[in-house]
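Working notes, beginning with the structure itself.
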Amino acid sequence: MTSADLPGDKPFVLLATRAQDLPADEEYALFLRFTGLPPERLRRVRLEREPMPDIDLDDVAGILVGGSPFNASDPWERKSAVQRRVEAEMAALVDRVVARDAPFLGACYGVGTLGTHLGAPIDGTYAEPISVVDVSLTDAGRADPLLVGLPDTFPAFVGHKEAIAALPAAATLLASSATCPVQMFRVGENVYATQFHPELDVDGIVTRIHAYASYGYFAPDELDLTLAAVRRAPVTETGRILRAFVERYAR
């Protein structure tokens with residue numbers, strides 16, 4: 001199915017929080033590529049620059065959330081004014097999304113936002129260095145519409161300082177890995193979050209490695225090791241999740 005074949009004309013919204021233009025623009029380009037959406041049907045909002053606009057859930061087909069340098073588990077006093085604003089805006093939106101069971105897919109930062117809504121413990125217990133890990137589907141994951149047809153185990157890009165330590169019963173676990181038990185989950189029927197990055201390819205993650213080299217994801221002398229780690233195995237399947245999300249909810 002091409003973008004011209006997608007039903008309806010309602011746009012999807014990408015909520016982004018990357019301050020540097022290069023990784024921010026590349027993130028948007030990758031979401032366009034893997035969703036198959038044309039730019040006019042994927043509206044980007046850069047929350048690090050401007051307050052979240054009023055999003056009428058009846059007027060959009062679905063909401064996507066990109067990754068972020070923000071960590072929900074950081075102490076309040078260490079959070080910038082921008083992070084505090086973004087967290088408040090995201091919390092209000094996620095409250096409405098979950099109440100409506102509206103289409104939502106948060107990549108990496110979605111775990112922090114949706115997990116916070118659920119009251120899940122979010123901390124550094126299952127942090128993962130920037131790398132490629134093998135993600136395995138649960139029985140519920142194999143039956144989920146966004147994951148049908150994916151291999152039972154597939155490589156995915158990760159790199160995060162925090163994760164959900166224990167998933168509440170209100171959520172359905174869809175995917176896990178040896179180093180992070182909660183790699184993907186669903187709330188209701190239409191609200192999703194992934195800990196891994198379904199929007200990334202090798203070039204995209206290399207851009208982020210360089211852009212965030214001073215953000216504490218790896219030691220200063222580990223740059224070459226980190227670049228090698230993301231080439232450990234080819235990542236070929238995860239982008240299909242984004243395309244499945246769009247095909248399911250386009251209207």
Side-chain angles (χ1 to χ4, degrees), residues 1-18 20-50 52-68 86 89-90 93-94 96-98 100-111 113-114 144-150 154 156-157 174-175 184 186-205 207-208 235-251:
M1 181 182 290
T2 67
S3 60
D5 298 324
L6 290 172
D9 57 4
K10 291 186 177 182
F12 290 80
V13 175
L14 172 63
L15 300 177
T17 57
R18 300 188 183 280
Q20 299 95 332
D21 286 339
L22 180 58
D25 290 344
E26 193 164 53
E27 177 181 70
Y28 181 52
L30 286 164
F31 270 102
L32 289 172
R33 172 185 161 194
F34 285 117
T35 60
L37 289 167
E40 62 270 19
R41 291 198 69 180
L42 183 58
R43 297 178 181 171
R44 177 174 58 157
V45 180
R46 292 188 64 172
L47 294 175
E48 85 289 349
R49 291 185 172 181
E50 59 183 330
M52 186 183 296
D54 181 29
I55 298 176
D56 187 334
L57 297 179
D58 290 325
D59 290 341
V60 300
I63 295 170
L64 295 159
V65 178
S68 177
V86 169
E89 292 169 344
M90 289 293 295
L93 175 66
V94 168
R96 293 195 293 125
V97 163
V98 173
R100 281 276 299 271
D101 198 15
F104 176 98
L105 174 56
C108 196
Y109 190 46
V111 167
T113 56
L114 190 53
D144 189 272
L146 298 195
L147 301 170
V148 167
L150 262 68
F154 53 87
F157 293 115
L174 301 177
M184 184 173 182
R186 186 186 71 236
V187 178
E189 296 300 320
N190 303 304
V191 182
Y192 294 87
T194 67
Q195 186 64 79
F196 61 89
H197 286 274
E199 83 285 5
L200 275 178
D201 61 9
V202 170
D203 290 340
I205 198 166
T207 295
R208 293 186 194 177
V235 175
T236 60
E237 302 296 328
T238 53
R240 294 167 55 186
I241 297 170
L242 296 178
R243 184 62 180 182
F245 180 82
V246 164
E247 290 181 352
R248 182 179 180 192
Y249 295 115
R251 56 194 172 95

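Just so you know, these numbers use all the heavy atoms, side chains as well, and skip hydrogens, waters and symmetry mates.
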query: Which residues pass the side chain to side chain contact (heavy atoms under 4.5 Å, CB included) test with Glu26, sequence neighbours left out?
result: Leu30, Thr207
query: Roughly how far, to the nearest 0.5 Å, is NE2 of His197 from OH of Tyr109?
result: 13.0 Å
- prompt: Below 4.5 Å, heavy atoms only, C-beta onward: do Leu37 and Leu6 meet side chain to side chain?
  reply: yes
message: Working to the nearest 0.5 angstrom, can you tell me the gap between Asp144 CG and Leu174 CG?
response: 5.0 Å
query: Which atoms form the tightest heavy-atom contact between Arg33 and Asp201, and what is the distance?
result: NH1-OD2, 2.5 Å
statement: Smallest heavy-atom separation, Pro198 atom then Phe34 atom, equals O-CD1, 4.3 Å
message: I'd like to know if the side chain of Arg96 reaches the main chain of Ala102, judged simply by a donor and an acceptor atom lying under 3.5 Å from each other, with no hydrogens or angles considered.
response: no
Test item: Leu93 and Ile63 side chains (from C-beta on) under 4.5 Å apart, heavy atoms: yes
query: Is there any salt bridge (Lys or Arg N to Asp or Glu O under 4.0 Å) pair reaching into residues 191-200, and which pairs are they, with sequence neighbours excluded?
result: Glu199-Arg208
message: Once ring pair (Phe, Tyr, Trp, His ring centres under 6.0 Å) is applied, do any residues pair with Tyr249, and if so which ones, sequence neighbours excluded?
response: Phe245
- prompt: Which distance, rounded to the nearest 0.5 Å, do you find between the OG1 of Thr35 and the CG of Leu64?
  reply: 7.0 Å
statement: In short, Val65 meets Met90 closest at the heavy-atom pair CG2-CE, 3.8 Å
query: So which heavy atom on Ala250 is nearest to which on Pro7, and how close?
result: O-CG, 3.4 Å
statement: Note: Thr238 and Ala156 closest approach over all heavy atoms is CG2-CB, 3.8 Å
message: Which residues pass the side chain to side chain contact (heavy atoms under 4.5 Å, CB included) test with Arg43, not counting sequence neighbours?
response: Pro11
message: Is the shortest side-chain heavy-atom distance between Glu50 and Val45 below 4.5 Å?
response: yes
statement: Applying side chain to side chain contact (heavy atoms under 4.5 Å, CB included) to Ala61 and not counting sequence neighbours gives Lys10, Phe12, Arg251
field: side chain to side chain contact (heavy atoms under 4.5 Å, CB included) between Val94 and Phe104, intermediate numbers included
entry: CA-CA 9 Å; Val94 168; Phe104 176 98; 4.2 Å; yes
Rounded distance (nearest 0.5 Å) linking atom CG of Leu42 with atom OH of Tyr28: 5.0 Å
task: Answer yes or no: is there a side-chain heavy-atom contact under 4.5 Å between Asp58 and Arg100?
output: yes
- request: Inspect the contact between Asp101 and Arg186 and indicate whether a charged nitrogen and a carboxylate oxygen are less than 4.0 angstrom apart.
  value: no
message: Is there a side chain to side chain contact (heavy atoms under 4.5 Å, CB included) between Val235 and Val202? Walk through the geometry before answering.
response: CA-CA 8 Å; Val235 175; Val202 170; over 6 Å; no
Atom pair CG/CD of Leu242 and Glu247 - distance to nearest 0.5 Å: 11.5 Å
message: Can you give me the closest heavy-atom contact between Gly66 and Glu27, atom names plus distance?
response: CA-OE2, 3.6 Å
- prompt: Salt bridge check: are Glu48 and Arg18 linked by an N-O gap of less than 4.0 Å?
  reply: no
task: Using modelled atom types only, decide if a donor and an acceptor are shared between the side chain of Glu89 and the backbone of Met52 within a distance under 3.5 Å.
output: yes
With sequence neighbours excluded, residues passing side chain to side chain contact (heavy atoms under 4.5 Å, CB included) with Asp21: Asp25, Arg46, Arg49
- line: dist Ile241:CD1 -> Thr194:OG1 (nearest 0.5 Å) comes out at 7.0 Å
